[in-house]
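In what follows, a single structure is set out as structure tokens and then discussed.
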Amino acid sequence: MDYDFKKIEQKWQEKWAAEKTYSVSVDDSKPKYYVLDMFPYPSGAGLHVGHPLGYIASDIYSRYKRLKGFNVLHPMGYDAFGLPAEQYAIQTGRHPEKTTDENIARYRSQLDRIGFSFDWDRSFRTCDPSYYKWTQWAFIKMFKSWYDPDLDKARPITELVSRFETKGYDGISPEEWKDYSEKEKSDVLMRYRIAYLGETNVNWCEGLGTVLANDEVKDGVSVRGGFPVVQKKMAQWQLRVSAYAERLLKSLDNLEWTDSLKDMQRNWIGKSEGTEMVFDTECDGVHLPITIFTTRADTVFGVTFMVLAPESELVPQLTAASQKEAVEEYLSYAAKKTERERQAETKNITGVFTGSYGINPFTEEKIPIWISEYVLSGYGTGAIMGVPAHDSRDYAFAKKFNLPIIPLIEGADVSEESFDATEGIMMNSGFMNGMDVNTAIEAAKVYVEENKLGHRKTNYRLRDAIFSRQRYWGEPFPIYYKDGIPTPLPERELPLRLPEIDSFKPVHGEAPLKRAKNWTYKGYPLETSTMPGFAGSSAYYLRYMDPHNNEELVSAEANKYWRNVDLYVGGTEHAVGHLIYSRFWNKFLYDHGYVCEEEPFKKLINQGMIQGRSNFVYRKAGTNTFVSLGLKDKYKTTEIHVDVNIVHNDRLDLEAFKKWRPEFADAEFELENGEYICGWAVEKMSKSMYNVVNPDEICNSYGADTLRLYEMFLGPLEQSKPWDTNGIDGVHRFLKKLWRLFFHQDTVLVSDDEPSPAELKVLHTLIGKEEEDIESFSFNTNISAFMIAVNELTELKTSSRKILEPLVVLLSPFAPHMAEELWHTALGHSDSVVYAKFPEYNEAFTIEDSVKYPISFNGKTRFLVDLPKDASPAEVEKTVRELPDTAKFVGDKTIVKVIVVPGRIVNIVLK
RNA sequence: GCCUUGGUGGUGGAAAGGUAGACACGAGGGACUUAAAAUCCCUUGGACAGAAAUGUCCGUGCGGGUUCAAUUCCCGCCCGAGGCACCA
């Protein structure tokens with residue numbers, strides 16, 4: 001019987017689906033394990049081979065955990081709201097729901113072919129009203145909550161209202177509160193709500209009449225149409241993520257995430273402990289105290305100027321009449337740049353003098369106030385003190401505008417660059433002279449507080465999440481405006497369904513939902529923005545626990561059993577966005593007792609990106625003749641992308657090429673040794689580069705099991721790497737070789753023979769390695785080990801059931817279809833290999849890292865022996881001679897080399 | 001610019017600080033076959049010496065350092081990738 005992967009894979013996939021092999025339920029008799037993939041956005045291009053990389057890894061792990069006796073929840077769904085579907089709708093007029101449905105159907109059929117162990121009964125899409133009901137529900141909860149700094153958690157807003165009514169709070173007395181109108185009360189509460197409406201800067205494109213994403217803006221103009229884009233303030237719904245900054249930072253410590261990912265999140269949260277200080281200012285005779293934030297209060301003696309962010313609301317008040325024109329000109333210049341452009345542009349220093357002055361609170365000296373784009377309004381107070389001697393950005397600014405530079409640290413040479421390090425002895429600093437910098441920082445803080453110049457303050461870079469989008473294809477906000485006051489819908493009205501509209505184009509300056517007829521609740525207008533992409537993906541992992549529950553997001557029973565995600569697999573591109581929002585969302589629900597775990601994702605693995613490997617052909621200038629790679633330098637040629645699907649091992653399929661596009665129908669070729677060799681390059685996988693490889697193609701020609709193995713064999717999971725079909729024959733051959741251990745033509749080779757020690761050694765080495773490798777996600781090296789094991793067993797002509805049966809179980813996480821087939825046909829089992837037990841590792845049959853046995857390392861066998869540092873050659877020789885007799889495991893290997901290092905280790909290499 | 005990450009043969013990659021290049025692809029040679037496919041065996045980082053077994057030297061982006069020993073640790077560069085808050 002040949003290895004007929006097509007027949008086998010179809011057979012088992014049908015059986016798994018029919019028997020619901022992977023469907024799970026709450027089962028208190030077994031420990032749970034929750035393995036989650038970042039669900040895909042179903043794009044029109046379909047699934048490419050990059051998508052399944054993480055899914056295959058998590059599937060291997062899920063199957064492994066099942067063999068280990070866990071009740072494994074392994075679901076899959078679709079992140080279905082998003083911009084691409086909407087833009088496609090604007091171009092074609094097709095409803096995003098239709099195209100999304102089609103894309104999902106295509107994704108599903110592609111996923112099904114790869115043989116994942118998903119529990120499809122739990123699947124959902126975020127654009128389904130029965131799902132987004134719970135996104136809207138959470139939003140209302142956030143709207144109705146505030147962050148209580150004393151309890152350090154979210155509490156119902158009603159508690160805050162009663163504080164206002166009884167004791168007063170935050171400078172508002174009960175009397176004042178009582179006198180407020182409904183509108184005023186609403187405005188005050190908005191300042192505390194977790195979900196709130198507030199002003200923020202957006203990329204506004206007048207030409208398109210809409211707000212744009214940073215991706216849609218390049219060099220100050222819109223990517224589509226090239227219209228100018230400016231920064232504009234707009235009222236937007238926001239989530240008070242910043243309230244959770246400290247908790248988001250702290251609980252990182254207990255997560256099993258990589259240090260690099262935690263670093264990214266820590267830097268994103270950007271905690272800095274410093275000082276808020278008040279500087280008195282004067283503009284055209286009017287005095288105005290302004291607050292700045294600094295982490296270096298010790299450097300106040302070196303402050304020679306102040307800088308405001310262009311968006312700072314202080315700008316109008318601090319602009320002197322004489323500088324008005326210059327300032328306005330500068331503001332319109334700055335409004336044309338996105339924040340990122342402003343940060344990236346450090347060589348070209350810009351700024352404008354406001355004409356007003358501040359007073360240095362330590363020296364009482366008068367210092368000029370400037371405006372510059374390097375100060376960001378979103379961080380700190382949007383105003384800084386300039387210390388050119390000890391901050392490189394301030395230094396560059398001072399140099400450019402000829403502002404004085406006062407060095408504050410002894411021996412620091414600031415003639416060429418600033419001295420940013422926090423070390424050295426202070427000078428020119430009054431009461432701090434002679435202090436060490438770190439002592440001075442603390443002394444300055446004390447001085448500031450004692451002299452009532454300001455106070456200590458912890459700042460976070462983390463900003464509140466902007467939650468409104470002026471788009472159609474997203475969750476509608478369950479908010480209506482009652483006499484201008486934002487009011488949540490009653491929960492019984494959820495879901496608030498996305499209305500039908502006649503066109504998906506934005507209405508000038510307004511969201512597309514403005515077009516919807518009767519978009520009102522009880523006669524009051526409903527909010528017309530929709531929620532962003534991350535809304536639906538922030539709590540989706542909870543919904544999988546109880547996906548059909550129409551009364552709750554997740555029942556307490558289901559949540560108590562499944563708790564949180566044990567293993568989350570996805571790309572690093574989500575390191576700060578989704579993974580911060582999800583953690584925030586979960587903590588919010590935790591505060592209210594809706595979920596029992598404070599963190600959503602216990603362990604996280606980032607899979608790398610799969611890049612495309614493009615192929616090129618070379619056309620001789622002015623002809624329709626294509627020359628092979630090795631000959632191209634002889635002519636003037638044009639490099640043309642060619643579809644990688646008609647190239648195999650960089651050899652072009654000439655006939656397929658002629659058929660590929662009409663203009664190549666009569667192409668001629670200059671070959672090398674009878675073949676056309678293509679050039680290649682690593683690029684992003686995209687349609688336009690013709691380097692998209694569809695997993696279906698691989699399934700057709702090699703089978704899903706080969707695809708699964710190959711994706712894992714390609715390299716370390718976490719690493720980005722180009723997809724290159726060239727090596728796939730290797731793993732396919734391995735599977736065929738493994739198959740031949742069980743079958744010779746139509747004969748089943750499995751016997752009841754007792755296994756030999758050599759066979760047991762091979763098996764148990766593999767069991768130990770597989771356990772270790774899967775736990776550390778080293779699938780690529782594990783497959784290598786599997787290949788070596790199969791080669792050795794082939795050489796040993798193994799037929800013993802006691803070897804082959806565990807081998808199939810070991811294979812099943814990687815190549816489940818083949819494993820099932822062998823389990824049934826060759827080994828005669830009637831139930832699925834899914835229900836098998838992971839084989840027990842017996843180190844008696846393996847070579848371990850002990851002094852007694854050699855260990856197998858890097859394909860070679862070696863002893864590691866501890867010797868005293870001053871061991872004499874004679875002692876070394878004696879030790880080597882007395883090594884235990886391990887011939888029965890080492891076989892006919894003989895010592896070829898003994899390396900003795902004066903340290904303590906002897907390497908004995910065996911061949 | 002900032003944060004994170006990577007750089008090893010023709011290719012993907014492997015290496016407790018201890019034989020650099022496991023495993024695999026490709027390539028070259030051979031066996032089987034009328035032939036092809038499939039399968040199996042040998043060679044394969046570079047240079048040099050040798051009839052051969054084998055030996056010597058050079059080699060992990062670049063420049064330094066620590067160490068008996070560095071792909072691995074430290075410092076400084078160069079180049080690529082991901083993210084930078086409205087792509088998902």
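All values derive from a computational prediction rather than experimental measurement. Per chain, numbering begins at 1; letters A, B, ... match sequence-line order.
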Table of protein N/O atoms under 3.5 Å from nucleotides 86-88 of chain B N/O atoms:
from, atom 1, to, atom 2, distance (Å)
B/C86, O4', A/Arg469, NE, 3.1
B/C86, O4', A/Arg469, NH2, 3.1
B/C86, O2', A/Leu212, O, 3.3
B/C86, O2', A/Ala213, N, 3.1
B/C86, O2', A/Asn214, N, 3.0
B/C86, O2, A/Arg471, NH2, 3.0
B/C86, N4, A/Gln236, NE2, 3.4
B/A88, OP1, A/Leu83, N, 2.7
B/A88, O3', A/Asp79, OD2, 3.1

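In summary, of the residues considered (A/Phe786, A/Phe713, A/Phe814), a ring-ring contact (aromatic ring centres under 6.0 Å, His included) with A/Phe734 occurs for A/Phe786 alone. Residue A/Trp723 forms a side-chain contact (heavy atoms from CB on, under 4.5 Å) with just one option from A/Ile698, A/Leu53, A/Val692, and that option is A/Ile698.
Across all strands, A/Arg461 comes closer than 4.0 Å to base atoms (heavy-atom distances). Within the 4.0 angstrom heavy-atom criterion, no nucleotide atom of any strand lies near A/Phe734. Residue A/Asn782 is out of contact with every strand shown, counting any heavy-atom pair closer than 4.0 Å. Counting non-hydrogen atoms under 4.0 angstrom, A/Pro716 reaches the backbone sugars and phosphates but no base. Across all strands shown, A/Leu462 has heavy atoms under 4.0 Å from base atoms, whether or not it also approaches the sugar-phosphate.
Taken together, the paired segments of RNA chain B that extend over three or more consecutive Watson-Crick or G-U pairs, each closer than 3.5 Å at both contacts, are B:1-7 with B:78-84, B:10-12 with B:23-25, B:26-31 with B:39-44, B:45-49 with B:54-58, B:61-65 with B:73-77.
Checked by atom type and distance alone, the side chain of A/Asp391 pairs as donor or acceptor with a backbone atom of A/Asp394 at under 3.5 Å. Between the side chain of A/Asn267 and the backbone N or O of A/Asp263 there is at least one donor-acceptor pair closer than 3.5 Å.
Checking B/A81, B/C25, B/C23 against the side-chain heavy atoms of A/Ser784 singles out B/C23 as nearest.
Ring geometry, A/His578 versus A/His574: the interplanar angle exceeds 60°, so the pair is classed perpendicular (tilted spans 30 to 60°).
When ring centroids are compared, A/Trp739 and A/Phe743 come within the 6.0 Å threshold.
For A/Arg583 and A/Trp257, the positive end sits near the middle of the six-membered ring, less than 6.0 Å away and at most 45° from its axis.
Taking 4.0 angstrom as the limit, A/Asn726 places none of its side-chain polar atoms (N or O) nearer than this to OP1 or OP2 of B/G12.
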List the steps and the verdict of ring-ring contact (aromatic ring centres under 6.0 Å, His included) for A/Phe779 and A/Phe777. CA-CA 5 Å; A/Phe779 300 123; A/Phe777 296 87; 5.8 Å; yes

